[in-house]
> 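First the structure, which I've put down as structure tokens, then a few questions once you've had a look.
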Number of protein chains: 2
Amino acid sequence: MAEPRYQRRKEQRPQEITDAAYEVFAEKGYASARVDEVARRAGVSKGLLYVYFRTKEELFKAVIRSVVIRRVDALLLAVEETDLSSEEFMRGPLLEFMRRVPGSPVAIVIRLLIAEGQRHPDLVDYYWDNVVSKGLGAISRFVGRGVERGEFRDTAVTELPQLVLAPVMLSVVWRILFAKRELDTDKLIETQIDMILAYIKA
Amino acid sequence: MAEPRYQRRKEQRPQEITDAAYEVFAEKGYASARVDEVARRAGVSKGLLYVYFRTKEELFKAVIRSVVIRRVDALLLAVEETDLSSEEFMRGPLLEFMRRVPGSPVAIVIRLLIAEGQRHPDLVDYYWDNVVSKGLGAISRFVGRGVERGEFRDTAVTELPQLVLAPVMLSVVWRILFAKRELDTDKLIETQIDMILAYIKA
DNA sequence: TCTCTTAATGACTCGTAGGTCAGTAAGTAT
DNA sequence: ATACTTACTGACCTACGAGTCATTAAGAGA
């Protein structure tokens, strides 16, 4: 009559483990995260974890990938398919997206990459290919389109899409380091968009 | 006739050790840095290192402090004492200072803090008090002075000095992660100053 | 119900790295 | 010269945590 000590759930295990690993890595960082604790939080033995992930490093990579994969392409698609004017799009969907980043798992991933990136160059490449490169490219093409349409002047912003993201980056770092100290990240990001638009509008 | 195996240099040792430690932490990050290697590079035994620094963590804190202390107050003083117009100052000394940051040890310190800050809150406080708070305060007062003089309009920039530093932050992170990929950080920072000035000039 | 496959366990190993301390020799005072 | 202090050494200790594997039991199939 005793309940079974565990259930077999081959399919779900990897996801359950990466979810738990995300939590632990987010709290502790890579080096201080304990594989035992990941296993514990996933409700699984350490041995089983090692069935699904060959090493701690593999687990780490799987976590980064799973976070990244889940939310990248939505915005990129929106950029290509919108029928808003360039200014409306920047003040609407793009602004909204940028606002969300500092509070999202992406911020955690950025922290982990900054801390560990040096020793995981292939991870950095992966992140570059799937997030940064795509994102910057989309913004760049988007601004370029505004120029073609005569909405925008041709300025340095076209080849420096990083300008748009700069306050997002600062907000991410701010939250990581200075969570206690207040900073109106929404207003920061919005003002940047304001400034850029004032600067490039034809 | 043999040379002495070592010289006694009580006064210089701590500095020599923190210099070596800075190098190793910069290359490896805190967790992967080995105390043995720090000692080796400092040309000192591990035992002696532990005479001057009680733990690895104390050593880490000493490194951060020594980097921070060396170069903070110069700019702040310049802000208070300049007789340039606000615009001239922003395009001159301030721009020059911001350009230097991404390639300086400050960038390394930021990386270490992002990675390890969670477990060293007192270090973050220290950095806040001695660098961030002072720096932001100076920029804020400086912009405020421009407003008083009638050079600038009163905009969100006055209470969001972070806007000025946003591209510096992005440049720092960019260098940490994407050193290979080119980014004209000078132009990025300069364009931001351009944009801000266009935005706030009366 | 009995057998068989394999998902799952957890006690174990073993390298590693932070920290210690008994001993040594550089430099100083007499 | 000799005695003395203490900066300095480096072999050692020990805790800890990544990774292993012999064993167990869930649950499917006959």
> Would you call A:R145-A:E151 a salt bridge at under 4.0 Å N-O?
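No, no charged N to carboxylate O under 4.0 Å.
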
> To the nearest Å, give me how far apart NZ (B:K10) and C1' (D:dT6) are.
8 Å

> Please confirm whether the shortest side-chain N or O distance from B:R9 to OP1 or OP2 of D:dA7 is below 4.0 Å.
no

> Any side-chain heavy-atom pair from B:F53 and B:T18 closer than 4.5 angstrom?
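Yes; the side chains approach each other to less than 4.5 Å.
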
> Whole angstroms only, please: what is the CD-P distance between B:E58 and C:dG18?
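So the two atoms are 15 Å apart, to the nearest Å.
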
> If you only use heavy atoms from C-beta on, which nucleotide in C:dA8, C:dG19, D:dC8 is closest to the side chain of B:T55?
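Among C:dA8, C:dG19, D:dC8, the one nearest the side chain of B:T55 is C:dG19.
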
> Roughly what angle, to 10°, lies between the helix axis at the start of the helix from C:dT1-D:dA30 to C:dT30-D:dA1 and the one at its end, five pairs per end?
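Answer for the end axes of this duplex: 0°.
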
> Would you be so kind as to tabulate the donor-acceptor pairs closer than 3.5 Å made by side chains of residues 103-112 of chain B, with sequence neighbours excluded?
unit_1, atom_1, unit_2, atom_2, d
B:S104, OG, B:V101, O, 2.9
B:S104, OG, B:V106, N, 3.1
B:R111, NH1, B:A26, O, 2.7

> Assign A:R13 to base, sugar-phosphate, or nothing according to its heavy-atom contacts below 4.0 angstrom with the strands shown.
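Sugar-phosphate contact only - A:R13 comes under 4.0 Å of backbone atoms but never of a base.
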
> Grab the CZ-C1' distance between A:R54 and D:dT20 for me, whole Å please.
14 Å

> Would you mind reading off the distance between A:R34 atom CZ and D:dA15 atom C1', rounded to a whole angstrom?
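Going from A:R34 (CZ) to D:dA15 (C1'), I get 12 Å.
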
> Could you check whether the rings of A:H120 and A:F60 sit parallel, tilted or perpendicular, using 30° and 60° as the cut-offs?
tilted

> Taking only side-chain N and O atoms of B:K46, does any of them lie within less than 4.0 angstrom of OP1 or OP2 on D:dG10?
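No, outside the criterion.
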
> D:dC8 phosphate, OP1 or OP2: any side-chain N/O from B:R8 under 4.0 angstrom?
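Checking D:dC8 against B:R8, no side-chain N or O comes under 4.0 Å of OP1 or OP2.
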
> Would you call A:K187-A:D194 a salt bridge at under 4.0 Å N-O?
no

> Specify the residue among B:V44 and A:V35 whose closest nucleotide of DNA chain D lies further upstream toward the 5′ end.
B:V44

> Tell me whether B:E57 is salt-bridged to B:R119, with the criterion being a basic N under 4.0 Å from an acidic carboxylate O.
no

> With a cut-off of less than 4.0 Å, is there a side-chain N or O of B:Y50 near OP1 or OP2 of D:dT9?
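Answer is no, no contact under 4.0 Å.
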
> I would like to know whether B:Q192 and A:Q192 meet side chain to side chain donor-acceptor pair (under 3.5 Å); could you show each step before the answer?
CA-CA 9 Å; B:Q192 179 83 350; A:Q192 180 83 348; 3.1 Å; yes

> Looking for any heavy atom pair under 4.0 Å, which part of the strands does B:A31 touch: base, sugar-phosphate only, or nothing?
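B:A31: no heavy atom of the nucleic acid under 4.0 Å.
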
> Please state how far atom CD1 in A:I17 lies from atom P in C:dA7, giving the value in whole angstrom units.
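In whole Å, C:dA7 P and A:I17 CD1 are 13 Å from each other.
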
> Report the nucleotide, chosen from C:dG18, D:dA18, C:dT9, that has the shortest atom-to-atom distance to any side-chain atom of A:L48.
C:dT9

> Return the nearest nucleotide to the side chain of B:S45; candidates are D:dG10, C:dA8, C:dG18.
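The listed nucleotide nearest to B:S45's side chain is D:dG10.
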
> How close or far is atom C1' of C:dT9 from atom CZ of A:R40, stated in whole angstroms?
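The distance from CZ of A:R40 to C1' of C:dT9 comes to 16 Å, rounded to the nearest Å.
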
> When the nearest nucleotide of DNA chain C is assigned to B:D36 and to B:Q7 on a heavy-atom basis, which residue is associated with the more 5' position?
B:D36

> Tell me: CZ of A:F60 to P of D:dA18, nearest whole Å?
14 Å

> By nearest heavy atom, map A:Y52 and B:K56 onto DNA chain C; which one lands nearer the 5' end?
A:Y52

> Regarding A:V51, tell me which of base, sugar-phosphate or nothing describes its non-hydrogen contacts under 4.0 Å with the strands shown.
nothing

> Take the protein atom CG of A:L59 and the nucleotide atom C1' of D:dG17, then report the distance between them rounded to whole Å.
15 Å

> Quick one: label A:F53 by what it contacts on the DNA or RNA (base, sugar-phosphate, nothing), any heavy atom closer than 4.0 Å.
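The answer is nothing, as A:F53 stays clear of every strand by at least 4.0 Å.
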
> Looking at every strand, decide which applies to B:A39 at a 4.0 Å heavy-atom threshold: base, sugar-phosphate, or nothing.
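Result for B:A39 = nothing.
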
> So A:K28 and A:E37, do their side chains get closer than 4.5 Å, heavy atoms only?
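Yes, side chains in contact.
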
